[in-house]
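A note on names: the letters A, B, ... follow the listed sequences, proteins ahead of strands, and every chain is numbered from 1. Just the heavy atoms: all of them, side chains too, but no hydrogens, waters or symmetry mates, feed the values below.
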There are 2 protein chains.
Amino acid sequence: METETGTNWLTDEEQRAWRAHLDVSRLLMHQLERDLQPFGLTNNDYEILVNLSESEDHRMRMSDLAAATLQSKSRLSHQITRMENAGLVRRENCESDRRGLYAVLTDRGWETMREVAPHHVASVRQHFIDLLGASGIDALYGSLAPVAEHLRTRRKIG
Amino acid sequence: METETGTNWLTDEEQRAWRAHLDVSRLLMHQLERDLQPFGLTNNDYEILVNLSESEDHRMRMSDLAAATLQSKSRLSHQITRMENAGLVRRENCESDRRGLYAVLTDRGWETMREVAPHHVASVRQHFIDLLGASGIDALYGSLAPVAEHLRTRRKIG
DNA sequence: ATCCATTGGTTCAGAATTCAACTTCTTTAG
DNA sequence: CTAAAGAAGTTGAATTCTGAACCAATGGAT
């Protein structure tokens, strides 16, 4: 058995898979952003609307929302301020924990969500889902789910 | 045959695949960024170093570099200015086209690249490649390559 | 009761990003 | 040859993002 001397570089197959993932994630975010622009929303706006829409009473604690959308508290705080100014969301105090705040969907926010969601789904289909095919979908999930798991736990520690 | 009335929402399988892709791409970028921090580089810095390193004469036209790294000319211009100030890169005039500029790797840039690359590769392995397995790699590439293709052509048009 | 370490959230300053305007040079068409 | 259109890059202002410092409230320990 030889002693390992150098770096374990990526093989060609690994390279191209890696680049494909990289390229897709960037190009896709860009495309989705473009498709949301006519509605005056960013991807981040939209994701927050989704999270709140799917939550009990259309509200979420700031911390939980930050965790769910994988962004820092700081970034979320700014983001919510902007969305508050846009009338999509409001902050509300939390009674059980006087430090805490809820981000709450406004009627306007909910209406916006109902209007935009179909377009966004269509966009996700057109540029991603429908290009994969049923087998591609399963393959993708099977491959990525463990990676996501690894990274999520790593995040808590980090 | 029924008339299609509503939105073609995502199925559960589609949802989870979509979220997995989303989460992995965000968490992964974050993790890689963290792993590069000790070397004083960002992901964007690194990617530019890679592109220049692999190019003839360690140089690339600004436009080509912008295209290769999927960013706007403006963003690249700022980016290169920063890297120039950090001594990793320099601008050089192009003789065949007097409008044009090359971004050129400096010795320092090349040295940095040689030093950092092994760590970065290890990072990509640890947090992505090695979690996929050979079959996962192929599956991933097979699934994503057509998507990347679709998005790239869409980009030129859009 | 009283520390004190944690958690929840904001704020500020500095860095990065976007978007549109602009300059310069090149190419094409007449 | 010249005018107009297009391509290569930069710049500057406005926006967003990051990271650290901060304040207030909570939850244990003792």
Side-chain angles (χ1 to χ4, degrees), chain A residues 26-27 29-34 36-38 40-48 59-86 88-104 155-158, chain B residues 25-27 29-38 40-48 59-86 88-104 155-158:
Chain A
R26 271 187 293 199
L27 289 165
M29 283 310 107
H30 237 279
Q31 182 64 52
L32 295 182
E33 193 94 43
R34 286 176 58 111
L36 279 176
Q37 257 172 25
L41 296 179
T42 65
N43 281 332
N44 208 0
D45 291 336
Y46 183 81
E47 193 173 9
I48 287 178
R59 76 186 48 216
M60 264 181 136
R61 287 289 295 271
M62 293 295 278
S63 288
D64 298 338
L65 190 49
T69 57
L70 300 175
Q71 50 193 328
S72 68
K73 289 158 184 266
S74 172
R75 181 177 171 186
L76 179 66
S77 186
H78 288 301
Q79 172 70 28
I80 292 296
T81 300
R82 270 172 260 143
M83 293 181 74
E84 207 168 18
N85 293 336
L88 298 170
V89 144
R90 68 173 179 279
R91 281 180 234 245
E92 233 175 73
N93 288 38
C94 175
E95 293 157 20
S96 58
D97 185 340
R98 239 171 312 182
R99 296 167 297 183
L101 287 177
Y102 286 105
V104 188
R155 180 181 173 76
K156 314 241 185 213
I157 307 162
Chain B
S25 76
R26 269 186 293 198
L27 290 166
M29 283 311 106
H30 237 280
Q31 182 64 51
L32 296 182
E33 193 93 42
R34 285 176 59 111
D35 290 350
L36 280 176
Q37 258 173 25
L41 296 180
T42 66
N43 281 331
N44 207 3
D45 291 336
Y46 183 81
E47 194 173 8
I48 286 177
R59 75 187 51 217
M60 262 181 135
R61 288 290 296 271
M62 294 295 279
S63 289
D64 297 338
L65 190 50
T69 58
L70 300 174
Q71 52 194 327
S72 68
K73 289 158 183 267
S74 172
R75 180 177 170 184
L76 179 66
S77 184
H78 289 299
Q79 172 70 29
I80 291 296
T81 300
R82 270 173 259 140
M83 293 181 74
E84 207 168 18
N85 293 336
L88 299 170
V89 144
R90 68 172 179 279
R91 282 180 234 245
E92 231 174 76
N93 289 34
C94 175
E95 291 157 22
S96 58
D97 185 340
R98 240 170 311 183
R99 295 167 299 183
L101 288 177
Y102 286 105
V104 188
R155 180 181 172 78
K156 315 241 183 208
I157 306 163

Length of the line joining [X]:[atom1] and [N]:[atom2], which is rounded to integer Å:
X      : N      : atom1 : atom2 : result
B:L65  : D:dT10 : CG    : C1'   : 15 Å
A:E33  : D:dT16 : CD    : C1'   : 11 Å
B:R98  : C:dT24 : CZ    : P     : 13 Å
B:I48  : C:dT17 : CD1   : C1'   : 13 Å
B:N43  : C:dA15 : CG    : C1'   : 16 Å
A:I80  : D:dC17 : CD1   : P     : 12 Å
B:Y102 : D:dG9  : OH    : C1'   : 15 Å
B:L76  : D:dT11 : CG    : P     : 13 Å

Distance-only polar pair, side chains of [X] and [Y], donor-acceptor under 3.5 Å:
X     : Y     : answer
A:E47 : A:N43 : no
B:R34 : B:Q37 : no
A:R26 : B:S25 : no

One should read off an interatomic distance between A:N44 CG and A:E33 CD, to the nearest 0.5 angstrom, of 8.5 Å

Phosphate contact ([N] OP1 or OP2) by [X] side-chain N/O below 4.0 Å:
X     : N      : result
B:R82 : C:dA16 : yes
A:Q79 : D:dT18 : no
A:R61 : C:dG9  : yes
A:R91 : C:dT10 : yes

Exercise. By nearest nucleotide on DNA chain D, pick out whichever of B:H78 and B:D64 is the more 5' one.
Key: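 Here B:D64 is the residue nearer the 5' end.
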
Taking the side chain of B:R99 as its heavy atoms from C-beta onward, which of D:dA8, C:dG8, C:dG9 lies nearest to it?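 The answer is D:dA8, which lies nearest to the side chain.
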
### Message
I want to verify a distance call: between D:dT10, D:dT26, C:dT11, whose nearest atom is closest to the A:S77 side chain?
### Response
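Of D:dT10, D:dT26, C:dT11, C:dT11 is nearest to the side chain of A:S77.
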
Worksheet item: Between A:M62 and A:L76, which heavy-atom pair has the shortest distance, and what is it?
Response: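 Closest heavy-atom pair between A:M62 and A:L76: O-CD2, 3.1 Å.
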
Shortest non-hydrogen pair, A:C94 vs A:R61, comes out as SG-NH1, 3.4 Å

>> Are the side chains of A:M60 and A:T69 in contact, using a 4.5 Å heavy-atom criterion?
In response: no

Exercise. For A:E92, answer base if it contacts any base atom (sugar-phosphate contacts may also be present), sugar-phosphate if it contacts only those atoms, and nothing otherwise; contact means non-hydrogen atoms under 4.0 Å.
Key: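 Nothing, no heavy atom under 4.0 Å.
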
By the 4.0 Å heavy-atom rule, please label B:Q37 as base, sugar-phosphate, or nothing.
sugar-phosphate

Numerically ordered, the residues 66-75 of chain B set in heavy-atom contact under 4.0 Å with DNA chain C is B:S74, B:R75

